Student: 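Dumping the structure here so I can ask a few things about it.
All chains are named by letter (A, B, ...) in the order of the sequence lines, taking the proteins before the strands, and each is independently numbered beginning at 1. Treat the numbers as computed from the prediction; the structure is a model and nothing was measured.
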Number of protein chains: 2
Amino acid sequence: LAIHASVNDRPAVYTWEPNSNSGKPLFVLNEKGVAFDYHYIDLIEFEQHSPDYLRLNPLGTVPAFIHGSKSLTESTPLCEYIDAAFPGPSLTFPDAAGRYEMRRWCRLADRAAESVSVIGWHLHLGPMVRAKPREEIERLVARIPTRERRISWLAAVDGGFSDDQLDQARQAIGAFVSRMDAVLAQRAWLAGDRFSLADIVTFTNFYALPMSSPEFASEEVAPHVLEWLRRIYARPATMRTFSLARGLARRAFEIRDMLGAPREVRP
Amino acid sequence: LAIHASVNDRPAVYTWEPNSNSGKPLFVLNEKGVAFDYHYIDLIEFEQHSPDYLRLNPLGTVPAFIHGSKSLTESTPLCEYIDAAFPGPSLTFPDAAGRYEMRRWCRLADRAAESVSVIGWHLHLGPMVRAKPREEIERLVARIPTRERRISWLAAVDGGFSDDQLDQARQAIGAFVSRMDAVLAQRAWLAGDRFSLADIVTFTNFYALPMSSPEFASEEVAPHVLEWLRRIYARPATMRTFSLARGLARRAFEIRDMLGAPREVRP
């Protein structure tokens with residue numbers, strides 16, 4: 001992993017897959033048509049804790065967005081930064097009430113995403129990390145900056161989540177999806193009459209819903225959410241972003257086909 | 001509790017004390033010099049679960065901000081709404097980088113505030129609620145809209161938090177205060193060279209630090225945080241806001257004196 005200074009105004013994104021927080025800047029940049037350098041940080045290899053990466057973001061989280069001399073790491077405020085600082089179609093609302101609604105949905109989605117990541121760890125990340133030899137896991141965990149986070153990583157690798165925690169996470173996802181469906185029965189996009197950062201922040205956390213939580217993604221319980229997913233999968237910027245995936249988020253091509261969304265971009 | 005429709009452009013705020021989320025719109029409105037109607041929702045009496053209030057905000061959380069036909073309830077996005085929709089001094093930054101930094105701090109403060117509310121429940125709210133007769137507690141809890149939240153309220157009333165949970169909350173507060181102190185050693189305000197929503201959102205959660213977590217609020221460990229608190233306590237809008245307090249937040253007058261901040265507004 002070599003860290004490059006960003007040249008002129010061209011931003012550099014250090015992040016993992018187009019998935020969850022990691023995906024936010026990738027979807028926003030592609031929607032706006034902004035050229036950028038993409039540096040893949042492999043969470044399965046714990047590259048977010050490598051000394052090089054910690055120089056960009058001492059917190060060891062993804063994404064890190066480098067623009068001129070700045071390193072921006074808080075993913076949802078970063079979406080608003082990219083939307084305001086670069087040319088391309090606006091992804092926000094012109095009025096204060098629309099922006100409030102957009103930010104409210106971003107907060108709701110980010111909160112619900114904590115439950116998605118519990119299920120995601122249980123189904124995907126946990127097993128991928130556990131498949132490594134024990135010595136390698138211990139070597140990777142040893143370089144995590146703080147003792148507190150070394151302990152919680154080891155606990156996640158070894159123990160995972162209890163049935164109670166998994167049940168609570170599933171309930172929270174179900175409640176959020178119903179809330180989305182009620183709103184999307186009234187309007188095409190989450191925050192109003194236009195596609196906005198609210199849709200991107202929610203989509204990057206929920207694009208895999210039909211695969212990882214099919215019980216909440218049926219035509220019976222969430223028809224408007226399914227329509228909304230189809231509309232976003234049909235956007236050229238969406239599939240251009242998923243084309244950057246090397247691992248987990250490749251599943252997006254399969255999910256698009258499950259949903260019957262149009263196929264403009266191939267894997 | 002009678003709910004009044006808001007007349008013309010004059011907003012109405014239904015909220016508890018100038019404290020935590022409940023205080024956010026009050027501080028922002030007073031900083032901007034916007035006239036508003038204030039309706040006190042007593043959390044100790046569980047008024048946020050009354051049928052009248054649930055019509056304004058079905059979630060049963062405070063604040064609810066009524067402007068024209070809209071009810072806005074997500075407190076940090078609400079601060080940006082008030083700043084943009086009303087006249088008065090701007091509480092944000094003119095540039096995208098400044099606004100990113102402001103929103104980043106708002107997120108950090110809101111996350112750290114979860115730990116403040118654990119300690120706040122333990123020291124203040126829990127004992128106040130537990131002082132009520134048991135039948136009254138059960139009557140108040142019975143009208144909470146969802147079973148899940150009835151259970152967690154009863155658990156909070158009966159059990160409170162474990163020593164482990166309290167320790168973790170104290171550690172998180174300490175870590176956040178060190179982070180603030182490091183930034184405030186470099187600049188007067190949290191997000192840059194001007195007082196902004198970042199300072200308000202953080203202050204409403206941390207104004208009582210010298211009283212509730214004195215170990216983190218000494219001249220030795222957090223001198224710049226103490227100076228920042230003094231500067232905010234010295235703002236006329238701050239003490240005008242605390243004058244609205246009827247219960248818990250009256251402590252602000254005592255804390256201001258502990259800090260040796262100037263006394264422009266009397267309790």
Student: Taking salt bridge (charged side-chain N to carboxylate O under 4.0 Å, His left out) as the test, write out the residues that go with B:Arg150, two or more places apart.
Tutor: none

Student: The criterion is ring pair (Phe, Tyr, Trp, His ring centres under 6.0 Å); which residues satisfy it with B:His49, sequence neighbours excluded?
Tutor: B:Phe46, B:Trp153

Student: By a 4.5 Å heavy-atom criterion (distance strictly below it), what part of B:Asp83 contacts chain A: side chain, backbone, both, or neither?
Tutor: neither

Student: Residue by residue, scan residues 187-197 of chain B and write down, ordered by number, those that have a heavy-atom distance under 4.5 Å to chain A; if none do, write 'none'.
Tutor: none

Student: In terms of heavy-atom proximity below 4.5 Å to chain B, should A:Leu78 be classed as side chain, backbone, both, or neither?
Tutor: both

Student: Which residues, numbered in order, of residues 87-105 of chain B come under 4.5 angstrom of chain A by heavy-atom distance?
Tutor: B:Ala96, B:Ala97, B:Arg99, B:Tyr100, B:Arg103, B:Arg104

Student: For B:Asp163, is the CG atom crowded, meaning more than 12 foreign heavy atoms sit under 6.0 Å from it?
Tutor: no

Student: Flag the one option from A:Leu108, A:Thr76, A:Ile82 with the top tally of heavy-atom pairs under 4.5 Å to chain B.
Tutor: A:Thr76

